[in-house]
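Structure first, then comments.
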Amino acid sequence: MNVGHSAVARWGLQFLNAAPDAKVLDCGCGGGANMKTLLKLCPKGKVQGIDYAAVSVEKAQKVNASAIEAGRCAVQQASVAELPFEAERFDVVTAFETVYFWPDLPQCFLEVWRVLKPGGIFLICNESNGDTDKDEKWTRIIGGMTIYKDTELEAYLEQAGFRDVQIHKRKSWLCVTARK
């Protein structure tokens with residue numbers, strides 16, 4: 001996770017202009033590499049991560065141990081379908097290579113909208129954009145995976161209340177930003 005998706009994550013992060021003191025939530029934090037990068041992008045901020053898998057939470061905690069010890073980072077096991085945070089807590093919410101697996105995507109987007117502060121940014125970064133022949137191969141191999149096209153994500157985001165939806169593509173990659 002931490003190495004295999006690093007190129008698409010670096011590309012996607014160029015579309016995020018987070019404040020140095022931003023409070024960030026990484027949904028589906030995996031091995032914690034993107035959290036580590038977000039901590040560097042927001043040197044005075046705080047980064048929290050959630051993941052459904054206990055093994056990912058453990059790995060992300062190890063990767064970000066010094067930031068956790070410094071009080072700038074936290075990682076916990078949770079589902080994006082029921083985020084364990086109060087409303088309007090975060091300036092930025094990110095989702096790298098994870099919306100493919102979110103149950104009830106419209107409901108999950110409502111949860112992200114709920115925890116974002118007014119004006120906050122939601123960044124989705126995917127290696128597969130739904131426009132290539134390879135996408136069907138991946139959904140057959142990986143159970144529970146749904147690859148969304150940019151137009152589908154845009155429609156779900158707007159239904160949840162997001163505005164200023166921006167679509168960026170490169171190769172088969174897709175990055176979407178939306179503002180609350």
Side-chain angles (χ1 to χ4, degrees), residues 1-86 88-102 108-109 111-117 119-129 138 142 145 147 153 166 168-180:
M1 285 181 284
N2 283 349
V3 177
H5 302 298
S6 62
V8 71
R10 275 193 310 274
W11 170 75
L13 282 169
Q14 73 179 319
F15 303 109
L16 180 64
N17 187 18
D21 63 346
K23 290 184 174 82
V24 181
L25 172 63
D26 187 21
C27 293
C29 63
N34 291 321
M35 292 178 64
K36 191 172 188 100
T37 301
L38 289 162
L39 285 160
K40 290 176 187 171
L41 290 174
C42 305
K44 296 179 182 177
K46 292 188 177 184
V47 176
Q48 293 202 223
I50 63 154
D51 202 286
Y52 192 75
V55 68
S56 293
V57 170
E58 185 179 324
K59 174 68 174 172
Q61 288 171 334
K62 286 180 184 173
V63 167
N64 293 288
S66 61
I68 291 169
E69 190 175 312
R72 293 194 52 227
C73 185
V75 186
Q76 66 190 64
Q77 189 171 0
S79 170
V80 72
E82 295 180 46
L83 293 170
F85 306 106
E86 68 271 8
E88 300 182 0
R89 178 170 179 172
F90 298 99
D91 301 295
V92 173
V93 175
T94 60
F96 296 92
E97 290 289 294
T98 64
V99 297
Y100 311 123
F101 306 103
W102 290 8
C108 292
F109 282 2
E111 271 295 277
V112 170
W113 192 90
R114 182 184 67 77
V115 301
L116 268 173
K117 293 177 182 176
I121 297 291
F122 180 26
L123 178 138
I124 299 167
C125 192
N126 291 343
E127 233 173 274
S128 298
N129 64 18
W138 287 115
I142 304 171
M145 181 180 198
I147 297 175
L153 292 173
Q166 301 290 315
H168 308 278
K169 291 183 178 182
R170 176 180 171 203
K171 304 181 209 177
S172 65
W173 297 351
L174 174 65
C175 181
V176 180
T177 58
R179 185 173 302 278
K180 178 176 179 180

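- Dense packing is recorded around CG of D21, with more than 12 heavy atoms of other residues, nucleotides or ligands lying under 6.0 Å away.
- Of the inter-residue distances, the one linking E127 atom CD with C175 atom SG reads 13.0 Å to the nearest 0.5 angstrom.
- Applying the salt bridge (charged side-chain N to carboxylate O under 4.0 Å, His left out) test to E69 and every residue at least two apart in sequence or in another chain returns nothing.
- Rounding to the nearest 0.5 Å places SG of C125 at 7.0 Å from CD of E97.
- A donor-acceptor distance shorter than 3.5 angstrom exists from the side chain of R72 to the backbone of G45, with no hydrogens or angles considered.
- Taking the side chain as every heavy atom from C-beta outward, L123 and F96 approach each other to under 4.5 Å.
- Between V24 and C42 the shortest heavy-atom distance is CG2-SG, 4.1 Å.
- Atoms OG1 and CD1, on T94 and I121 in that order, are 12.5 Å from each other to the nearest 0.5 Å.
- Here the shortest heavy-atom pairing between N34 and A9 reads OD1-CB, 3.2 Å.
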Let's go through L38 and L13 carefully: what are the C-alpha distance in whole Å and the side-chain angles of both, what is the deciding distance for side-chain contact (heavy atoms from CB on, under 4.5 Å) to 0.1 Å, and is it a yes or a no?
CA-CA 9 Å; L38 289 162; L13 282 169; 3.9 Å; yes
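- Scanning both residues, V8 and N126, for their nearest heavy atoms gives CG2-O, 3.9 Å.
- Judged by distance alone, the side chain of Q14 and the main-chain N or O of W11 form a donor-acceptor pair under 3.5 Å.
- Here the side chains of Q61 and I68 are in contact, with some heavy-atom distance below 4.5 Å.
- In terms of heavy-atom proximity, G30 sits nearest to D51 at N-OD2, 2.8 Å.
- Within the 4.5 Å cutoff, side-chain heavy atoms of L25 are placed close to those of I50.
- Here the straight-line distance linking atom CG of D26 with atom CG of L39 works out to 10.0 Å at 0.5 Å rounding.
- When all heavy atoms of Q76 and P84 are compared, the closest pair comes out as NE2-CG, 2.9 Å.
- Considering only residues two or more places apart in sequence or on other chains, N64 meets the side-chain hydrogen bond (donor to acceptor under 3.5 Å, both in side chains) condition with none of them.
- Across all their heavy atoms, R114 and K180 have their closest contact at O-NZ, 3.9 Å.
- For the atom pair CD of E58 and CD of Q77, the computed distance is 11.0 Å after rounding to the nearest 0.5 Å.
- Under the ring-ring contact (aromatic ring centres under 6.0 Å, His included) criterion, no residue pair touches residues 51-72, with sequence neighbours excluded.
- Ring-plane geometry between F15 and H168 is classed as parallel, the angle between the planes falling under 30 degrees on a 0 to 90 degree scale with a further cut at 60.
- The aromatic rings of W102 and F122 sit parallel, their planes meeting at an angle under 30°, below the 60° perpendicular limit.
- Checking each of V115, V112, V93 against V80 for a side-chain contact (heavy atoms from CB on, under 4.5 Å) leaves exactly one that passes, namely V112.
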